[in-house]
> 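Please find one structure pasted underneath; my questions will follow.
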Amino acid sequence: MRRDFCDGVGIARLLNATLVLPKFEAAAYWNESSGFADVFDVDYFIQQMDGYIKVVKELPPEVALKEAFHVDCSKRKGQFDYIESVLPSLLKYQYISITPAMSQRRDRYPLNAKAALCQACYGALRLTRTLEQKAAELLEAIPKPFLSLHLRFEPDMVAYSQCEYPGLSPASKEAIEAARGDRKPWTGELARTWRKRGKCPLTPNETAFIFQALSIPTNTNIYLAAGDGLMEIEGLKSIYTNVVTKSALLSGEDFLNMHGNTKAALDYYVSINSDFYVATFFGNMDKMVAAMRAYKGLHNTLFLSRRAYAELSSKGLDGKELMQALWLAHKEDFAMGRGSALPDCFCDFKS
């Protein structure tokens, strides 16, 4: 959501348009009703964006009665031009909603749009005071020093990946099957090719194995930045015994009543401020956390290579031989403490 909103800011500047604070699509995330103001400090955002774009909380009455004309740019490829393709719709209908072009290179924006996007991402979007206080409380409760691990192995994630995993528990298999819908897993050679391309999430057990290959001590304090639906988590906890979660550290009624959006915001805050950040995926949160950590000068950030694990294990490597090969595959990034998302950060952190 943060990424989409930053994209919206950049596009609003490109089009010289007024930005209306968004209403979250409940079904797109956790099927809930929380909104922008439940997560972000609205007045601070508007103040910080002054001079970049105009932001309003609500539509003017004469516009609010209209249905927004929707412009879907999500499938557009290459150097997509918003001014050429979207501005005519804005001028005609006056009020539009937009799905950004996910393939668009943000570093190709003109400087004014790039500045607005960077200001939104790194200067203007901060959590509400209440949520930031809860996040600070959580951060204080975690044993130090600690590694924040963003682990993605939920039923819907595995179902979406269309990957197969031998040896899962019956409960995990049942949960994945229930989440599959029309997405059937790849089988046979297609499944092996898909996995070797790095398309399959690492299991908790595979994550623990790579940690051992990198000589991360088994008594390391690990904060699990994830929801409550993780499968096979004992594969990690049986080896790395100092794993903590937000639900174990925060048990107050205010935490129990939190939405998925606000709980995810806690993970985001803790991950940015952790001593080390490791991700098993390369999703939106991982990119945003890596970028923000770079902005703050915290470079102990690493993305585990799903492709390296799949390719090496498919060659028949196991045990110490596989560990050595995985160490070599991660050596440069691990030694430098950097993740592969960082070259994509075009904002000038020195200005």
> Rounded to the nearest 0.5 Å, what separates atom OG in Ser215 from atom CZ in Phe334?
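Rounded to the nearest 0.5 Å, the OG-CZ separation comes to 7.5 Å.
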> Looking only at non-hydrogen atoms, find the nearest pair between Leu326 and Ala213 and report the distance.
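What the structure gives for the nearest pair is CB-CB, 4.0 Å.
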> Do the side chains of Asp7 and Arg106 get close enough for a salt bridge, i.e. N-O under 4.0 angstrom?
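Looking at Arg106 together with Asp7, the answer is yes, because their closest N to O distance falls below 4.0 Å.
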> Under 3.5 Å, is there a donor-acceptor pair linking the side chains of Thr280 and Arg152?
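Distance-only check fails for Thr280 and Arg152.
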> Is a donor on one side and an acceptor on the other found under 3.5 Å between the side chain of Gln162 and the backbone of Ala159?
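Checked: no pair found.
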> Given the rule in the side-chain hydrogen bond (donor to acceptor under 3.5 Å, both in side chains) test, do His70 and Thr99 qualify, once you have shown the distances and angles that lead to the verdict?
CA-CA 8 Å; His70 184 67; Thr99 303; 3.0 Å; yes
> How close do Cys6 and Leu117 get, heavy atom to heavy atom, and via which atoms?
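Smallest interatomic distance, heavy atoms only, reads O-CG, 3.5 Å.
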> To check you understand the geometry: which heavy-atom pair defines the closest contact between Cys200 and Trp194, and what is its length?
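Where Cys200 meets Trp194 most closely, the heavy atoms are SG-CD1, 3.9 Å.
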> Does Gln48 offer a backbone N or O that forms a donor-acceptor pair with the side chain of Gln119 under 3.5 Å?
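Checking the backbone N and O of Gln48 against the side chain of Gln119, a donor-acceptor pair under 3.5 Å is found.
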> Using the test salt bridge (Lys or Arg N to Asp or Glu O under 4.0 Å), find all partners of Arg183 that sit at least two apart in sequence or belong to another chain.
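So Arg183 forms no salt bridge (Lys or Arg N to Asp or Glu O under 4.0 Å) with any residue.
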> When you measure from the centre of the six-membered ring of Tyr268, is the NZ or CZ of Lys263 closer than 6.0 Å and no more than 45° off the axis?
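No, Lys263 and Tyr268 do not form such a contact.
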> Mind checking the CZ-OG1 spacing from Arg306 to Thr203? Nearest 0.5 Å is all I need.
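OG1 of Thr203 is found 13.0 Å from CZ of Arg306.
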> Any donor and acceptor pair, going by atom type alone, linking the side chain of Arg293 with main-chain N or O of Ile272 inside 3.5 Å?
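Yes, because the side chain of Arg293 sits within donor-acceptor range (under 3.5 Å) of the backbone of Ile272.
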> Provide the closest heavy-atom pair for Ala265 versus Leu127 in the form atom of the first, atom of the second, distance.
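Of all heavy-atom pairs spanning Ala265 and Leu127, the closest is CB-CD2, 3.9 Å.
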> Do other residues, nucleotides or ligands put more than 12 heavy atoms under 6.0 Å from Trp186 CH2?
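No.
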> Under 3.5 Å, side chain of Lys144 to main-chain N/O of Ile142, donor-acceptor pair present?
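Pair found, side chain donor or acceptor close to backbone of Ile142.
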> Check this for me: Glu67, atom CD, are more than 12 non-hydrogen atoms of other residues, nucleotides or ligands nearer than 6.0 Å?
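Incorrect, the count does not exceed 12.
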> What pairs of residues pass the ring-ring contact (aromatic ring centres under 6.0 Å, His included) test when at least one of them lies in residues 131-153, not counting sequence neighbours?
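Pairs touching residues 131-153 that pass the test: Phe153-Tyr165.
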> For the CG atom of Leu87 and the CG atom of Leu14, what is their distance to the nearest 0.5 Å?
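So the CG of Leu87 and the CG of Leu14 are separated by 10.0 Å.
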> Using the ring centroid of each side chain, check whether Phe40 and Phe5 are separated by less than 6.0 Å.
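They do not qualify: ring centres at least 6.0 Å apart.
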> Just wondering, more than 12 heavy atoms not from Glu140 lying within 6.0 Å of its CD?
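For Glu140, atom CD is not crowded (no more than 12 foreign heavy atoms under 6.0 Å).
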> Would a distance-only check, ignoring hydrogens and angles, find a side-chain to backbone donor-acceptor pair under 3.5 Å from Glu164 to Thr187?
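Not confirmed, Glu164 side chain does not pair with Thr187 backbone.
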> Check whether Ser313 reaches the backbone of Ala310 with its side chain - one donor and one acceptor, N or O, closer than 3.5 Å.
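Yes; judged by distance alone, with no hydrogens or angles, the pair exists.
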> Rounded at 0.5 Å granularity, tell me how far CG in Asn242 sits from CD1 in Ile222.
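Atom-to-atom, Asn242:CG and Ile222:CD1 are 8.0 Å apart.
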> Could you give all pairs that pass the salt bridge (charged side-chain N to carboxylate O under 4.0 Å, His left out) test and reach residues 195-221, with sequence neighbours left out?
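Qualifying pairs: Arg195-Glu206.
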> Which heavy atom of Cys163 sits nearest to which heavy atom of Pro185, and what is that distance?
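That would be O-CB, 4.2 Å.
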> Please list all pairs passing the salt bridge (charged side-chain N to carboxylate O under 4.0 Å, His left out) test where one or both residues lie in residues 309-331, with sequence neighbours left out.
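Found none.
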> Hey, is Asp81 close enough to Arg108 for a salt bridge, meaning N to O under 4.0 Å?
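No, no charged N to carboxylate O under 4.0 Å.
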> Distance-only check: which donor-acceptor pairs under 3.5 Å involve side-chain atoms of residues 129-138, not counting sequence neighbours?
{"from": "Lys134", "atom 1": "NZ", "to": "Glu137", "atom 2": "OE1", "distance (Å)": "3.3"}
{"from": "Lys134", "atom 1": "NZ", "to": "Asp254", "atom 2": "OD1", "distance (Å)": "3.4"}
{"from": "Lys134", "atom 1": "NZ", "to": "Asp254", "atom 2": "OD2", "distance (Å)": "2.8"}

> Give, for atom CG of Asn221 and atom CG of Asn219, the distance between the pair rounded to the nearest 0.5 Å.
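Interatomic distance, Asn221 CG to Asn219 CG, rounded to 0.5 Å: 7.5 Å.
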> Does Glu234 have any salt bridge (Lys or Arg N to Asp or Glu O under 4.0 Å) partners at least two apart in sequence or in another chain, and if so, which?
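Glu234 satisfies salt bridge (Lys or Arg N to Asp or Glu O under 4.0 Å) with no other residue.
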> Taking the six-membered ring for Trp, are Phe211 and Tyr240 ring centroids under 6.0 Å apart?
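Yes; Tyr240 has its ring centre under 6.0 Å from that of Phe211.
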> Counting distance only, does the side-chain N/O of Asp50 pair as donor-acceptor with the main-chain N or O of Gln47 below 3.5 Å?
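It does not hold such a pair.
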> Let's go through Asp267 and Tyr223 carefully: what are the C-alpha distance in whole Å and the side-chain angles of both, what is the deciding distance for side-chain hydrogen bond (donor to acceptor under 3.5 Å, both in side chains) to 0.1 Å, and is it a yes or a no?
CA-CA 9 Å; Asp267 286 338; Tyr223 172 78; 2.6 Å; yes
> Answer yes or no: are there more than 12 heavy-atom neighbours, outside Phe69 itself, under 6.0 Å from its atom CZ?
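Atom CZ in Phe69 is crowded, with more than 12 foreign heavy atoms closer than 6.0 Å.
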> Please determine, by modelled atom types, if Ser274 and Ser148 share a side-chain donor-acceptor pair under 3.5 angstrom.
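The criterion, which ignores hydrogens and geometry beyond distance, is not satisfied for Ser148 and Ser274.
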